[in-house]
Amino acid sequence: MITQSEHFNIRAFNTFGINAQCDCWIEFTEASDLPVVFASMTSDRYRCIGQGSNMLFVNDYHGTLLHSRILDFDIEHRDADMLIRIGSGMPFDDVVSKCCEIGYWGIENLSGIPGDAGAAAVQNIGAYGVEIKDVLVKVEAYDTFANKFVDFSNDACQYAYRHSVFKDHENAGRYVVTHITIKVTKNGGPLLNYGNLKAGLERNGNITPMDVRKLVIETRNAKLPDPTKVGSAGSFFKNPVVELADYNRISTIVGTSVPHYPMGDKVKIPAAWLIEQCGWKGRTIGNAGVWHLQPLVLVNATGRATGEEILALEGEIVRDVKEKFGIILHPEADHIY
Ligand code: EPU
């Protein structure tokens, strides 16, 4: 089924809670709706949106936003491993919750991440040492250039840190994800190597996926703003991966040890740390702010922030980090104009 609304307010469809509107909003419940939608679309400016959890609407969107309401959750095979085909409109955390309830391992570390399943696969969501690419078997999409449905294997998705083939510049607007298939397993175990996650479960003997889910949600809640109270897009910036020479230079600038994680012959430095060192943790400008417990998260501090205000704050942070450390931070959140 296809539903269409003109001049649609999208405040409830972006987790920043920016009060913006789009010219046209289209929801679809079946993959087979898409050829019909594209055959009749009048505007050639469009993009897909899930829960808008990784988007900054800088101003109103003059075009069509397409929102999947495909909510399938089909277990296609189940023994030691389980293959599940999921509609792109299904909230990904509902998928995590179901897998944990029936005791299958693989995505419990991705608990509590806002956003729909389709966007999760496009963005390669990750947390606590796991990325969706680790369990992803197939992405099904409608190719709007060739007007046909196509399947992507995990390799064909070309996954990297918060990146996939669907985000490549030349594919902008090309693919609308309809389903993803993931593989989870009965015979797995907890992956608790990230940060101090292990400490939270050390006293527990027989650990289940649901135990890990609860721990991850607790850990997130301790640092990240409650999405029902304070608008944000989660991590606003990517963590920069820098040359060893840059890392050494930064150590000299601060005169103390710099947190870092090896990435091949380079190192990843937490953007949160760089931002904190520049004095931005907990600061606000007008209605836009830097979260006081995790400075990687920019927030709609008063609920009245405009996209322009968040953008201005971003600009100041990028400028300061560049001036102090010579590192250019890149946003993770998509900017929509
Ligand atoms: N840190 C600080 N000050 C702070 C907070 C953190 O210096 O106030 C430094 C510390 O060195 C800490 C490091 O940052 O060890 C890492 O912090 P954290 O574990 O919170 O992770 P992150 O790198 O800031 C990434 C993801 C998150 C994900 C967490 C947990 C990115 C851009 N972000 O954040 O993903 O939940 O790891 O795995 O990779 C998201 O993408 O929206 C998101 C929330």
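If you read the sequence from its start, that first residue is 1, and numbering goes on from there. When a ligand or atom number is given, it counts from 1 through the structure's own listing order.
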Heavy-atom side-chain contact between Arg45 and Asp23 under 4.5 Å: no

Report yes if some heavy atom in the side chain of Leu296 is under 4.5 Å from a heavy atom in the side chain of Asn239; otherwise report no. yes

Considering only protein heavy atoms, which is closest to [atom], and at what distance to one decimal place?
atom: atom 8 (O) of ligand 1; result: Lys281 NZ, 2.8 Å
atom: atom 24 (O) of ligand 1; result: Gln294 NE2, 2.9 Å
atom: atom 2 (C) of ligand 1; result: Glu276 OE1, 3.4 Å
atom: atom 38 (O) of ligand 1; result: Tyr128 N, 2.6 Å
atom: atom 23 (O) of ligand 1; result: Asn239 ND2, 2.8 Å
atom: atom 29 (C) of ligand 1; result: Tyr194 OH, 3.9 Å

State which residues pass salt bridge (charged side-chain N to carboxylate O under 4.0 Å, His left out) with Glu309; sequence neighbours excluded, sorted by chain then number. none

Of Asn124, Leu136, Ile125, the one forming a side-chain contact (heavy atoms from CB on, under 4.5 Å) with Glu131 is Asn124

For residues 282-302, the salt bridge (charged side-chain N to carboxylate O under 4.0 Å, His left out) pairs (sequence neighbours left out) are none

Say whether Leu293 and ligand 1 are in contact under the criterion: heavy-atom distance to a ligand atom below 4.0 Å. yes

If you measure from each heavy atom of Phe236 to ligand 1, is any distance below 4.0 Å? no

Measure the CZ-OG distance between Phe92 and Ser97 for me, rounded to the nearest 0.5 Å. 11.5 Å

Is it true that Arg213 and Asp93 have a side-chain N and a carboxylate O under 4.0 angstrom from each other? yes

With no hydrogens and no angle check, is any side-chain donor or acceptor of Ser232 less than 3.5 Å from a backbone partner on Gly234? yes

Backbone, side chain, both or neither: what part of Ser235 comes under 4.0 angstrom of ligand 1, heavy atoms only? both

Give the atom numbers and elements of ligand 1 that come within less than 4.0 Å of a heavy atom of [X].
X: Pro295; value: 4 (C), 8 (O)
X: Gly234; value: 42 (O)
X: Pro259; value: 11 (O)
X: Arg220; value: 36 (O)

Find out if a path of hydrophobic residues (ILVMFWY) with successive side-chain heavy-atom gaps under 4.5 Å connects Ile18 to Ile285. yes

Nearest heavy atom to [atom]: which of [options] does it belong to?
atom: atom 31 (C) of ligand 1; options: Phe237, Tyr161, Tyr261; answer: Tyr161
atom: atom 26 (C) of ligand 1; options: Arg162, His330, Glu332, Lys223; answer: Arg162
atom: atom 28 (C) of ligand 1; options: Pro270, Ala272, Ala222, Ala127; answer: Ala127

With no hydrogens and no angle check, do the side chains of Thr219 and Tyr128 hold a donor and an acceptor under 3.5 Å apart? no

